[in-house]
Every structure is written in C-alpha cells, then in structure tokens.
**Student:** 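Would you mind keeping the following structure in view while I ask a few things?
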Amino acid sequence: MAQAQYMEDVSGFVLDEDRIVTYKWLSNSLSVSANAAKRSRRAVSTQANVTLISRILHKFVEENRDRVTATYFLHAEQEVDGKTERHFTVLREEQLEEAQKKFSRILSSHVFRSEAACFGLSVLTTPQRQQEK
C-alpha cells in the first residue's frame, strides 16, 4: 500500500472516526512487528517500513496540527553523578521540547500516537471510549 493510502487511512481513523492511531496499529497495518519497528536502527530488513511508519505519523501530525494532538515516545540519556542513566518516557507534544532539554543525549524520539484534538475534559480517552468505537 502506498504512503498516500496510509495517510488517508490514518486521517479517516483520527479525524472522521475519532479513533486513536498508535505506532503499534500502524506497524500492524504495514505488517511490521512493533518491537521490530522500535529496534529499527538495528533491524535492516524492516528499516524501510519502520522509516515509513515514523514518517507517516510525523507527517500526519504536522499536516493536521490544528486538529490533532500527538503523544511522543522519548528515549534519552542523562549524566547523573558521573554515570549515564537511560530514560524512556511518553509525553504530550507540548512537553517534548522542554523534556529534551533535560537530557544530554536523545537516542530516539517519535510520534507514539495521534488522536483528534479535544478541548474539553468530558472527552478524555478511557478504555471504555476505545471499546465503544
């Protein structure tokens, strides 16, 4: 399936059907295991699809910034008392830049999930909301 078709599918899921699109869902759609996708730098056989996954989610968020929100996965290192600590965190888009400043080295950062922007507390994502869709 071409990238344009995946972009259309993601757009329909998020904007028309009010669903959440995750890295794992898109990985499954491309027939790439999410774990292989996470190890993309080392998994040469899946590199093209993994890059496509990251590119699709990133492009979708960039093109629809006024209508969607993104959650990011951040893998980084920080020096503490002469020792290197690795950190893994999932955070909202508006927290990303500030979080990146706290670390000495960013190892990986990608869109973890995207969903339609909601501006009221009454539509917070819950497992029940996801099951109803």
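Residue numbers start at 1 and run along the sequence shown. Everything numeric in this text was worked out from a predicted model, so none of it was measured.
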**Student:** Kindly compute the distance separating CZ (Phe13) from CG (Asp18), expressed to the nearest 0.5 Å.
**Tutor:**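 Phe13 atom CZ to Asp18 atom CG measures 12.0 Å (nearest 0.5 Å).
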**Student:** Is Gln100 reaching over with its side chain to a backbone N or O of Ile106, donor-acceptor style, under 3.5 angstrom?
**Tutor:**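 Judged by distance alone, no pair lies under 3.5 Å.
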**Student:** Classify the angle between the aromatic ring planes of His75 and Phe88 as parallel (below 30°), tilted (30 to 60°) or perpendicular (above 60°).
**Tutor:**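 The arrangement is parallel - the two ring planes meet at less than 30°.
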**Student:** Do Met7 and Glu63 touch side chain to side chain, with heavy atoms closer than 4.5 Å?
**Tutor:**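 Contact flag for Met7/Glu63 side chains = yes.
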**Student:** Below 4.5 Å, heavy atoms only, C-beta onward: do Tyr72 and Val111 meet side chain to side chain?
**Tutor:**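 Yes; the side chains approach each other to less than 4.5 Å.
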**Student:** Is there a side-chain contact between Leu26 and Phe60 (heavy atoms, below 4.5 Å)?
**Tutor:**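 Side-chain contact under 4.5 Å: no.
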**Student:** Can you find a heavy atom in the side chain of Arg92 that is under 4.5 Å from one in the side chain of Thr69?
**Tutor:**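 A side-chain contact under 4.5 Å is absent here.
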**Student:** Say you draw a straight line from CG of Leu74 to OG of Ser108; how long is it, rounded to the nearest 0.5 Å?
**Tutor:**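 Leu74 CG to Ser108 OG: 8.0 Å, rounded to 0.5 Å.
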**Student:** With rounding to the nearest 0.5 Å, note down the distance linking CG in Leu91 to CZ in Phe112.
**Tutor:**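 So the gap between those two atoms works out to 11.0 Å.
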**Student:** For atom CD of Glu97, is the number of surrounding heavy atoms from other residues, nucleotides or ligands below 6.0 Å larger than 12?
**Tutor:**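 Atom CD in Glu97 is not crowded, with 12 or fewer foreign heavy atoms closer than 6.0 Å.
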**Student:** Can you measure from NE2 (His110) to OG1 (Thr71) and round to the nearest 0.5 angstrom?
**Tutor:**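 These two atoms lie 11.0 Å from each other.
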**Student:** Not counting sequence neighbours, which residues clear ring pair (Phe, Tyr, Trp, His ring centres under 6.0 Å) with His58? List them please.
**Tutor:**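 Once residues adjacent in sequence are excluded, His58 has no partner under the ring pair (Phe, Tyr, Trp, His ring centres under 6.0 Å) criterion.
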**Student:** Would you check if Thr84 and Glu79 make a side-chain contact, meaning some heavy-atom pair closer than 4.5 Å?
**Tutor:**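 Yes, side chains in contact.
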**Student:** Measure across Val14 and Val68 and return the closest heavy-atom pair with its distance rounded to 0.1 Å.
**Tutor:**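 In terms of heavy atoms, the two residues are closest at CG1-CG1, 3.7 Å.
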**Student:** May I ask you to test the Ser109-Leu96 pair for a side-chain heavy-atom distance under 4.5 Å?
**Tutor:**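 They are in side-chain contact.
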**Student:** Is a donor on one side and an acceptor on the other found under 3.5 Å between the side chain of Ser104 and the backbone of Glu77?
**Tutor:**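 At least one qualifying donor-acceptor pair exists.
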**Student:** Can Phe103 be reached from Val80 by stepping across I, L, V, M, F, W or Y side chains whose heavy atoms are under 4.5 Å apart?
**Tutor:**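 Not linked; separate clusters.
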**Student:** Nearest 0.5 Å, please: how far is CD in Glu62 from CG in Asn64?
**Tutor:**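 It comes to 10.0 Å.
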